[in-house]
Amino acid sequence: LAETTRDRWLAAGGAELDVAREMMLTTYDVIVRTMLGGGGVDAERVERAVNDYLDPLGWVIAMSIARLPPWLPHPGRLRSDRARRFLRREIVEMIAKRRRAPDAQDDLLALLLAARDPESGHAMSDRELADNVLTFITAGHETTALALTWTFYLLDRHPEAAERIRAEIEQVTGGGPLTAEHVAGLAYTRQALQEAMRLYPPAAAVVREAVRPVRIGSESLAAGAQVYIPIYAVHRHELLWEAPEVFYPERFAPEAAKARHRYAYLPFGAGPRICIGMSFAMIEGVLILATLLRAARAELRPGFEPELRLRVTLRPGGGMPMRITPRRD
Ligand code: HEM
């Protein structure tokens with residue numbers, strides 16, 4: 001799928017593309033293919049619905065902070081509710097089709113259909129299956145797309161890092177085709193992606209609720225208190241990082257990373273609810289980045305500065321307009 005995007009980029013020969021959208025299309029294909037075998041859903045409609053569903057989430061979060069009841073109206077609410085109903089319906093229909101004619105698909109839905117609770121022996125209901133699949137689709141494509149989009153932005157600002165990645169790819173592949181076996185060897189490529197997620201964490205904050213009264217340092221929290229972990233701020237904290245505003249992938253060399261506090265770097269969260277797709281995202285991100293960087297140059301539109309827009313995820317407002325030119329060397 002990374003090669004499909006690469007071919008589109010090569011065919012575009014010198015045109016300006018919105019790299020944010022390009023990455024979204026690519027990771028969306030990846031997630032739908034791995035979660036649902038790629039079949040049976042109207043990809044564009046689902047993508048639109050996911051957007052409609054997520055758009056007003058800023059309101060939902062603001063209302064929850066203010067402890068307002070969740071049924072209160074807010075902008076985008078009707079569209080969001082409609083989108084959620086559409087998404088559930090679409091997946092439930094697909095599940096019904098699978099139950100009628102079980103195929104030998106090797107995807108997440110097949111695993112979930114076969115799953116049994118180890119204690120009760122129960123299978124998942126249609127509703128549970130649909131909610132799980134939707135969680136994976138929504139949690140698992142925009143985040144990775146944003147990590148890649150911000151990486152392209154930073155590499156435009158740091159061409160020496162882009163060249164170093166290109167040199168690494170040629171060295172690791174010996175100039176041949178890039179395959180999954182090469183991922184482990186692409187250490188600097190991975191570090192660049194990690195450093196991009198430090199400066200622009202796709203999930204810029206996570207929320208927890210205290211289940212019982214608790215003391216953290218000098219703070220006392222009552223049961224039910226909501227706690228926001230501002231990952232973006234932690235990642236740029238001067239007590240935790242040297243020259244935090246500087247893009248410096250070498251920070252993630254194994255020795256340097258080991259010396260750091262475990263909670264200084266949280267792009268995937270931490271603890272029992274750490275991102276279940278973390279390894280998946282890193283393999284996917286490294287392969288997409290390497291496949292595209294190797295084939296083309298991506299230069300930000302002169303004078304364009306992306307503004308940061310936090311909508312659950314950290315998006316570039318106005319997208320990421322970049323001129324894509326095939327590499328001849
Ligand atoms: C660069 C890409 C990604 C980033 C930055 C990211 C970030 C996160 C974060 C911060 C959490 C924890 C949320 C919390 O603690 O409240 C999380 C959870 C989750 N992520 Fe990811 N994620 C990424 C990719 C993926 C992918 C590719 C998938 C699916 C294949 C995925 C599926 C999930 C799921 C299902 C959860 C909930 C896990 C649970 O609650 O047990 N994520 N992700």
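In each ligand, atom 1 is the first atom listed, and ligand 1 is the first ligand listed.
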So which bit of Met197 gets within less than 4.0 Å of ligand 1, heavy atoms only: side chain, backbone, both or neither? side chain
Hey, are the side chains of Trp9 and Val19 touching, using non-hydrogen atoms and a 4.5 Å cut-off? yes
Report the residue from Gln194, His235, Met278 that forms a side-chain contact (heavy atoms from CB on, under 4.5 Å) with Pro267. His235
Looking only at heavy atoms, is any part of Leu146 under 4.0 Å from ligand 1, and if so is it the side chain, the backbone, or both, or is it neither? neither
Give a yes/no on ligand 1: does Leu108 have at least one heavy atom closer than 4.0 angstrom to it? no
Please determine whether a side-chain nitrogen of the Lys or Arg among Asp81 and Arg77 lies less than 4.0 Å from a carboxylate oxygen of the Asp or Glu. yes
For ligand 1 and Thr135, I'd like to know whether there is a polar contact (N/O to N/O, distance under 3.5 Å). no
Give the C-alpha distance, both sets of side-chain angles, the deciding distance and a yes or no for salt bridge (charged side-chain N to carboxylate O under 4.0 Å, His left out) between Glu163 and Arg297. CA-CA 10 Å; Glu163 282 318 312; Arg297 273 176 214 293; 3.4 Å; yes
min-distance protein heavy atom vs atom 29 (C) of ligand 1 -> Phe136 CD2, 3.6 Å
Could you check atom 16 (O) of ligand 1 against the protein and tell me its nearest heavy-atom contact, residue, atom and distance included? Arg208 NH1, 3.0 Å
Set of residues satisfying side chain to side chain contact (heavy atoms under 4.5 Å, CB included) with respect to Pro254, sequence neighbours excluded: Gln191
Give the C-alpha distance, both sets of side-chain angles, the deciding distance and a yes or no for side-chain hydrogen bond (donor to acceptor under 3.5 Å, both in side chains) between Thr26 and Thr5. CA-CA 7 Å; Thr26 312; Thr5 301; 2.7 Å; yes
Apply salt bridge (charged side-chain N to carboxylate O under 4.0 Å, His left out) to residues Glu22 and Arg8 and explain how you reach the verdict. CA-CA 10 Å; Glu22 288 292 308; Arg8 190 165 64 238; 2.9 Å; yes
Report the protein N/O/S neighbours of atom 21 (Fe) of ligand 1 that fall below 2.8 Å; do not count waters. Cys275 SG
Counting only N and O atoms by type, is there a donor-acceptor contact under 3.5 Å from the side chain of His158 to the main-chain atoms of Glu160? no
What verdict does the salt bridge (charged side-chain N to carboxylate O under 4.0 Å, His left out) test give for Arg251 and Glu242, after you've listed the backbone C-alpha separation in whole Å, the side-chain angles of each residue and the deciding distance to 0.1 Å? CA-CA 9 Å; Arg251 297 178 202 275; Glu242 212 182 302; over 6 Å; no
Atom 7 (C) of ligand 1 - nearest protein heavy atom and its distance: Pro267 O, 3.4 Å
So which bit of Thr144 gets within less than 4.0 Å of ligand 1, heavy atoms only: side chain, backbone, both or neither? both
